[in-house]
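Computed over heavy atoms, backbone and side chain alike; hydrogens, waters and symmetry mates excluded. Here is how names work: the chains are called A, B, and so on, in the same order as the sequence lines, proteins then strands, and each is numbered from 1.
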2 protein chains.
Amino acid sequence: MTIRILLADDQHLVRSALAALLELEDDFQVVATVSRGDEVVEAARASHPDVALLDIEMPGLDGLAAAAVLTSQVSSCRVAILTTFGRPGYLRRAMDAGALGFVVKDAPAEQLADAVRRVARGEHAVDPALAAATLTGGTSPLTPRERDVLASARSGSTVAEIADRLYLSAGTVRNYLSNAMAKTGARNRHEAVRIAETNGWI
Amino acid sequence: MTIRILLADDQHLVRSALAALLELEDDFQVVATVSRGDEVVEAARASHPDVALLDIEMPGLDGLAAAAVLTSQVSSCRVAILTTFGRPGYLRRAMDAGALGFVVKDAPAEQLADAVRRVARGEHAVDPALAAATLTGGTSPLTPRERDVLASARSGSTVAEIADRLYLSAGTVRNYLSNAMAKTGARNRHEAVRIAETNGWI
DNA sequence: AGATCGCCGTGACATTTGTCATGAGTAGTG
DNA sequence: CACTACTCATGACAAATGTCACGGCGATCT
């Protein structure tokens, strides 16, 4: 029985290459490929895939959000996340979104094939090492608002700009940033951003 | 006549997938794959490829540096860069390193195949739009030292740390950062880092 | 030889950032 | 209900950051 696959990745070449790789397996068939998160659901409705393989970094809608929509709206399609970064917070959010599989792009090809088959059967497929890391350091210490402020501080904005953007006072923004820095153990806001990013908290 | 290809990319899955994609072409043969920049030359010596397809972001030695070594030491092997980011500075540095081809991972598969064939014949293969962008905004306004300081400021280091690392006084570091900020039009060092990164200047 | 440019440094200054104490309002929990 | 946690705010203070003016040194170009 062949497994019908939907592939979502924003990089054209990677998309084609992964399709070629998957098609090498006799029981796999790539029935749809999309480049944007907000095209996933429509494509899934049209092509009835068994498994959707979603990258996280995508324009329109990120893979985690797309996974959440997909699992709730197209229940016949199981979801696996395929991403560059094995960040604990990503795995947690992927599970919360209803994804069964989680594979990093650094994994060997057999592991991807294995994960797809497991997910198609409704089983979970997660790298044990990453799962362990997620259990220990995976839960974000940040409150929702701290997360917002930190996310808004990403591209080197000043306090005033962040305050404007979030309709807060400058002092409040600095307090939140200070809290976030304390919780992440960073010595300035930018280090805090980096840490939060590598953990998948923002 | 088949074209022998060496493939260098740090992500295992992407490497395998690209190999699968390239093997679909009758005249391509992937003769070696490596995951680190510092393994490129050795692999090229052992497997005599016609074309080396190098990612830029790699551990050990980045693809641009590997390209430079390769073109000087294994002259029978032409070089093409295959990277996620179409940054003007990257293209410029790739050309300086002796690469003939430059393909972004967002390009369609045919473009990659076309580029490989051109490069194998000793021709250049560069996306015209990117080439134009490089001509206008490609040259870095930063002096070598400003570049060093800015690169060292990346991960949220303080002035004192940068000064220590580069054996400079704190004042000098701040002056260089100030210059870099003025030249990039940034309002703080972290914005300057971001701008320099997206342009491939660091 | 003089001009120019990059490199490295100092010192002074205004601004921004990070820390801390404090408090009011709101929501959820035992 | 008391307790706790989150949100938002203010004000004051120390430290870090960014700006500016200035000077000496060496290399390069004309």
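Put simply, the side chain of A:Ser16 gets close to the backbone of A:His12: a donor and an acceptor are under 3.5 Å apart. The closest donor-acceptor contact from the side chain of B:Arg4 to the backbone of B:His48 lies under 3.5 Å.
As a whole-Å value, the separation of B:His190 NE2 from C:dT16 C1' is 12 Å. One interatomic measurement links the two molecules: CE of B:Met181 to C1' of C:dT15, which rounds to 11 Å at whole-angstrom precision. In this structure, B:Asp148 places its CG atom 13 Å from C1' of C:dG6, rounding to the nearest Å. In this structure, the CG atom of B:Asn179 is 14 Å from the P atom of C:dC5, given to the nearest Å. What separates CD1 of A:Ile162 from C1' of C:dT16 is a distance of 12 Å, to the nearest Å. Distance CD (B:Glu146) to P (C:dG9): 15 Å, rounded to an integer number of Å.
Distances shorter than 4.0 Å separate none of the side-chain N or O atoms of A:Arg187 from OP1 or OP2 on C:dG18.
Among B:Arg15, B:Lys105, B:Arg36, the one residue that satisfies the salt bridge (Lys or Arg N to Asp or Glu O under 4.0 Å) test with B:Asp9 is B:Lys105.
Listed nucleotides: C:dT17, D:dA9, D:dT17. Nearest to the side chain of A:Val159: C:dT17. Picking from D:dT19, C:dG18, D:dT17 the nucleotide with the shortest atom distance to the side chain of B:Ser178 gives D:dT19. Side-chain proximity of A:Arg174 to the nucleotides D:dT19, C:dG9, D:dA12 is greatest for D:dA12. Across D:dA9, C:dC8, C:dT17, the shortest atom-to-atom separation from the side chain of B:Leu168 is found for C:dC8.
In this model, a side-chain donor or acceptor of B:Asn175 finds a partner on the base of C:dT10 within 3.5 Å.
Rounding to the nearest 0.5 Å gives a distance of 9.0 Å between OH of B:Tyr176 and CG of B:Asp148.
No side-chain donor-acceptor contact under 3.5 Å links B:Thr184 and B:Arg194.
Contacts of A:Thr143 with the nucleic acid, taken as non-hydrogen atoms under 4.0 Å apart, involve only primed sugar atoms and P, OP1 or OP2. Nucleic acid contact for A:Arg145: sugar-phosphate only, since backbone atoms but no base atoms lie under 4.0 Å from a heavy atom of the residue.
For A:Ser169 and A:Lys183, each mapped to the nucleotide of DNA chain D holding its nearest heavy atom, the one lying further toward the 5' end belongs to A:Lys183.
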